[in-house]
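Only this structure's heavy atoms are used, side chains among them; waters, hydrogens and symmetry mates stay out. Along the sequence shown, residues carry numbers from 1.
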Amino acid sequence: MLFMRSELDQLQTPRIEINEEFVFDQNLIKEHPRCTEIRDIFVVGHIYYDHHSSQTIVDLTINGIMVVPCAISLRPVELDLDIRLEEMFSFEAIETEGEGIYVEGEALDLRPYLIGSILADVPLAVVHPDIKEYPKGDGWEVLTEEDYIKQKSQEIDPRLAKLKDFKFE
């Protein structure tokens, strides 16, 4: 995913079709606490290059599989990746901030942006879909969101608890 400016300037059409496998370096997630493996990464999309402005518009979809530990049992959970990377790069100085990313030198390397997009998509917590019974202990238990809402709706507000002692006729 490395594009040289000289090669882009020699293109006959401004559009480049991308459909290739991206090899993700597993050493990048070796110490990551929320991700154990990333594999089968494919990048599909288009890159548009404008000769006059030296701007490159990237519109890519990153697909693959991410393996993360379950937040409760630590069992591996496989998640499908479907990430969209839309960015504008320029080989010329950018006058207004936020209009794109300035490319220093003569090479546009998309690998750091692909890696950054993948790592930004790592979820904070995932619960394995096969978990039926949640752990509990002395005075504590893990609840599903539905159970928590049901339990909260059945609790009596402590400010109104004294009202239950009154007998109404």
Side-chain angles (χ1 to χ4, degrees), residues 1-3 15-48 56-89 97-103 107-168:
M1 296 280 178
L2 183 67
F3 299 94
R15 181 177 167 146
I16 302 171
E17 298 285 331
I18 302 291
N19 188 1
E20 62 185 75
E21 183 177 7
F22 179 69
V23 180
F24 189 87
D25 184 7
Q26 296 301 315
N27 290 326
L28 294 171
I29 58 169
K30 190 185 247 182
E31 301 294 324
H32 201 289
R34 296 185 326 253
C35 184
T36 57
E37 183 182 7
I38 296 174
R39 66 175 189 270
D40 301 333
I41 303 295
F42 288 92
V43 179
V44 179
H46 313 286
I47 295 175
Y48 303 95
T56 306
I57 299 171
V58 175
D59 183 11
L60 301 174
T61 302
I62 306 165
N63 295 305
I65 297 173
M66 177 185 299
V67 180
V68 298
C70 172
I72 295 173
S73 67
L74 297 180
R75 290 176 25 200
V77 179
E78 287 190 0
L79 302 174
D80 291 330
L81 289 176
D82 187 19
I83 304 166
R84 188 84 183 258
L85 175 63
E86 296 173 315
E87 198 62 67
M88 186 172 76
F89 298 91
E97 188 175 324
E99 285 192 10
I101 299 171
Y102 174 65
V103 178
L108 170 59
D109 189 3
L110 293 179
R111 290 176 293 206
Y113 300 98
L114 294 172
I115 291 169
S117 295
I118 292 169
L119 292 178
D121 204 51
V122 175
L124 292 175
V126 173
V127 177
H128 199 285
D130 294 341
I131 288 185
K132 302 294 181 220
E133 190 172 312
Y134 290 90
K136 56 181 151 185
D138 187 23
W140 66 272
E141 67 178 319
V142 177
L143 299 173
T144 63
E145 187 173 354
E146 294 83 23
D147 290 341
Y148 175 75
I149 291 170
K150 187 185 340 177
Q151 186 181 41
K152 279 296 186 189
S153 68
Q154 293 173 353
E155 283 183 11
I156 297 175
D157 187 343
R159 298 172 293 180
L160 303 174
K162 283 287 191 184
L163 291 176
K164 71 178 180 177
D165 296 339
F166 291 108
K167 303 220 187 251
F168 296 102

Output the distance between atom [atom1] ([X]) and atom [atom2] ([Y]), rounded to the nearest 0.5 Å.
{"X": "Asp147", "Y": "Lys150", "atom1": "CG", "atom2": "NZ", "answer": "5.5 Å"}
{"X": "Ile101", "Y": "Met88", "atom1": "CD1", "atom2": "CE", "answer": "9.5 Å"}
{"X": "Ile62", "Y": "Ile118", "atom1": "CD1", "atom2": "CD1", "answer": "5.0 Å"}

Taking C-beta and beyond as the side chain, do [X] and [Y] meet within less than 4.5 Å on heavy atoms?
{"X": "Tyr113", "Y": "Val58", "value": "no"}
{"X": "Leu108", "Y": "Met1", "value": "no"}
{"X": "Leu114", "Y": "Leu60", "value": "yes"}
{"X": "Phe22", "Y": "Leu110", "value": "no"}
{"X": "Phe3", "Y": "Thr56", "value": "no"}

Q. Counting only heavy atoms not in Glu145, do more than 12 fall under 6.0 Å of its CD?
A.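 Check fails, neighbour count at 12 or below.
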
(Q) Apply side chain to side chain contact (heavy atoms under 4.5 Å, CB included) to residues Phe24 and Gln26 and explain how you reach the verdict. (A) CA-CA 6 Å; Phe24 189 87; Gln26 296 301 315; 4.0 Å; yes

Q | With Asp40 via salt bridge (Lys or Arg N to Asp or Glu O under 4.0 Å) - residues at least two apart | A |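 Partners of Asp40 by the salt bridge (Lys or Arg N to Asp or Glu O under 4.0 Å) criterion come out as none, since no residue qualifies.
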
Identify all side-chain donor-acceptor contacts of residues 64-83 below 3.5 Å with residues at least two apart in sequence or on another chain.
from: Ser73; atom 1: OG; to: Arg75; atom 2: N; distance (Å): 3.3
from: Arg75; atom 1: NH2; to: His128; atom 2: ND1; distance (Å): 3.2
from: Arg75; atom 1: NH2; to: His128; atom 2: NE2; distance (Å): 3.2
from: Glu78; atom 1: OE1; to: Arg39; atom 2: NH2; distance (Å): 3.4
from: Glu78; atom 1: OE2; to: Arg39; atom 2: NH2; distance (Å): 2.5

Q.
Under the criterion side chain to side chain contact (heavy atoms under 4.5 Å, CB included), I'd like the reasoning laid out for Ile57 against Glu86: C-alpha separation, chi angles, the key distance, then a yes or no.
A. CA-CA 7 Å; Ile57 299 171; Glu86 296 173 315; over 6 Å; no

Q) Which of parallel (below 30°), tilted (30 to 60°) and perpendicular (above 60°) describes His46 and Tyr48? A)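 Rings of His46 and Tyr48: tilted, as their planes differ by 30° to 60°.
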
